[in-house]
Amino acid sequence: MKKIFLGLLVIFLALQSCNSNKPKPNTVNKPISDLSIYNLPSKWTNQNGENIEMKELKGKVLVMVMIYTSCKSACPRLLADMRNIEEHLPENIKNNVKLVLVSIDPVVDTPKRLKSFAIENKMDSEQWIFLRSTEEKTREFAAVLAVNYKKIAPLEFSHSNIISVFNSDGELAYQQEGLGVNSDETIKKITEEAQKLN
């Protein structure tokens, strides 16, 4: 009986040590995978005029869309879709999510313009990030998101309407295409990825 008890005690202690040594997800020090957007070396400027690299967003779930602030047709609908997604995220995961809007018109969309646009559209909390870069870097980034765009008038672009979800490692997890579409699957995917960080 004593041997059985000692045997069970050894197994119990072994299991305890396995559990205590189980590493918690540490996304910041994890190596960047080949599929990650954090491999892109491009530099960006946010709406506060701060220069950042995309990899500085590592460790958060990113919900990204490409827009331009002078857009009068598709972009307001995309903004409404992004706000709808943000409103329907569970409170306990919101700190793990960043909503990122990338300008396809860096000439017009200066940091000052992006800042005032964020305020006008009630997207000026810390959760929202507006980014701009050079035309070359913007084009490179659009290719990664499978977003096509072209200038069709001095202040007008035709562009894809895609909202992309990236996991905390910067890997594409889901895409929503179209305007005013049901975002339930997108919200579900964001929530799944963000809960892994709690």
Take atom NZ of Lys55 as the centre, draw a 6.0 Å sphere, and report whether it contains more than 12 heavy atoms from other residues, nucleotides or ligands.
no

Once you round to the nearest 0.5 Å, how far does CG of Leu89 lie from CG of Leu99?
7.0 Å

With a 6.0 Å cut-off (strictly less than), is the heavy-atom count around CD of Glu53, excluding the residue itself, greater than 12?
yes

Is it true that the side chains of Glu171 and Ser33 contain a donor and an acceptor less than 3.5 Å apart?
yes

Value rounded to 0.5 Å, distance of CZ in Arg77 from SG in Cys75:
12.0 Å

Does the side chain of Val107 come within less than 4.5 Å of Glu135's, by heavy atoms?
yes

With rounding to the nearest 0.5 Å, note down the distance linking OG in Ser183 to CG in Asn84.
5.0 Å

Can you list the residues that meet the side chain to side chain donor-acceptor pair (under 3.5 Å) rule with Glu86, with sequence neighbours excluded?
none

How about Phe117 and Asp109: do any of their side-chain heavy atoms sit closer than 4.5 Å?
no

From Met66 atom CE to Ile104 atom CD1, the distance as rounded to the nearest 0.5 Å
6.5 Å

Got a donor-acceptor contact below 3.5 angstrom from the Asn182 side chain to the Asp184 backbone?
yes

Counting only N and O atoms by type, is there a donor-acceptor contact under 3.5 Å from the side chain of Gln175 to the main-chain atoms of Ile162?
no

With clusters defined by side-chain heavy atoms of hydrophobic residues (ILVMFWY) lying less than 4.5 Å apart, directly or transitively, does Phe157 cluster with Val108?
no

Over all atoms of both residues, closest heavy-atom pair of Ser70 and Asp105
OG-OD2, 4.3 Å

Is there a path of hydrophobic side-chain contacts, each under 4.5 Å between heavy atoms, that joins Leu197 and Phe166?
no

I'd like to know whether Leu155 forms a side-chain contact (heavy atoms from CB on, under 4.5 Å) with Tyr68, so could you lay out the CA-CA distance, the side-chain angles of the two residues, the decisive distance to 0.1 Å, and finally the verdict.
CA-CA 9 Å; Leu155 285 175; Tyr68 64 107; 5.9 Å; no

Closest non-hydrogen atom pair, Leu78 against Gly178:
CD2-O, 4.4 Å

What heavy-atom pair brings Thr138 and Pro106 nearest, and what distance separates the two atoms?
OG1-CG, 4.2 Å

Answer yes or no: is there an ion pair linking Glu136 with Arg139, defined by an N-O contact shorter than 4.0 Å?
no

Is any side-chain heavy atom of Cys71 less than 4.5 Å from a side-chain heavy atom of His159?
yes

Side chain to side chain, Lys196 and Asn167, heavy atoms closer than 4.5 Å:
no

In the structure I gave you, are the side-chain heavy atoms of Ile129 and Trp44 within less than 4.5 Å of one another anywhere?
no

Membership question, hydrophobic clusters at under 4.5 Å side-chain separation (ILVMFWY): are Leu79 and Val63 in the same one?
yes

Taking atom CD of Glu87 as the centre, report whether more than 12 heavy atoms of other residues, nucleotides or ligands fall under 6.0 Å from it.
yes

Does Met54 reach the side chain of Phe141, with side-chain heavy atoms less than 4.5 Å apart?
yes

Quick one: does Lys98's side chain have a donor or acceptor within less than 3.5 Å of a partner on Glu126's backbone?
yes

Heavy-atom closest pair, residues Ala194 and Val97
CB-CG2, 3.9 Å

Can you give me the closest heavy-atom contact between Ser160 and Ala146, atom names plus distance?
OG-O, 4.1 Å

Would you sort out whether Glu193 and Lys189 count as a salt bridge (charged side-chain N to carboxylate O under 4.0 Å, His left out), showing the intermediate values?
CA-CA 6 Å; Glu193 291 297 338; Lys189 191 64 186 174; 3.7 Å; yes

Would Leu62 and Ile37 count as a side-chain contact (heavy atoms from CB on, under 4.5 Å) if you check the C-alpha gap in whole Å, the side-chain angles of each, and the deciding distance to 0.1 Å?
CA-CA 11 Å; Leu62 305 181; Ile37 54 167; 4.0 Å; yes

Hey, what do you get for CH2 (Trp128) to CZ (Arg83), rounding to the nearest 0.5 Å?
7.0 Å

Which atom of Leu172 lies closest to which atom of Ser164, heavy atoms considered
CD1-CB, 3.8 Å

Would you please test Met82 and Ile67 for side-chain contact (heavy atoms from CB on, under 4.5 Å) and show each step?
CA-CA 11 Å; Met82 287 287 280; Ile67 55 125; over 6 Å; no

Do the side chains of Thr45 and Leu114 get nearer than 4.5 Å, heavy atoms only?
no

Look up atom OG1 in Thr186 and atom NE2 in His88, then write down how far apart they are to the nearest 0.5 Å.
12.5 Å

Side-chain heavy atoms under 4.5 angstrom apart, residues restricted to Ile, Leu, Val, Met, Phe, Trp, Tyr: same cluster for Val144 and Leu57?
yes

Holding to side-chain contact (heavy atoms from CB on, under 4.5 Å), I want the full list of residues that pass it with Asn39, two or more places apart in sequence or in another chain.
Ile32, Ser36

Does atom NZ of Lys94 have more than 12 heavy-atom neighbours, drawn from other residues, nucleotides or ligands, at distances under 6.0 Å?
yes

Closer than 4.0 angstrom, basic N to acidic O: yes or no for Glu120 and Arg113?
yes

4.5 Å side-chain heavy-atom contact, Ser103 and Phe130:
no

Are Val165 and Leu101 linked, directly or through other ILVMFWY residues, by side chains that come within less than 4.5 angstrom of each other?
yes

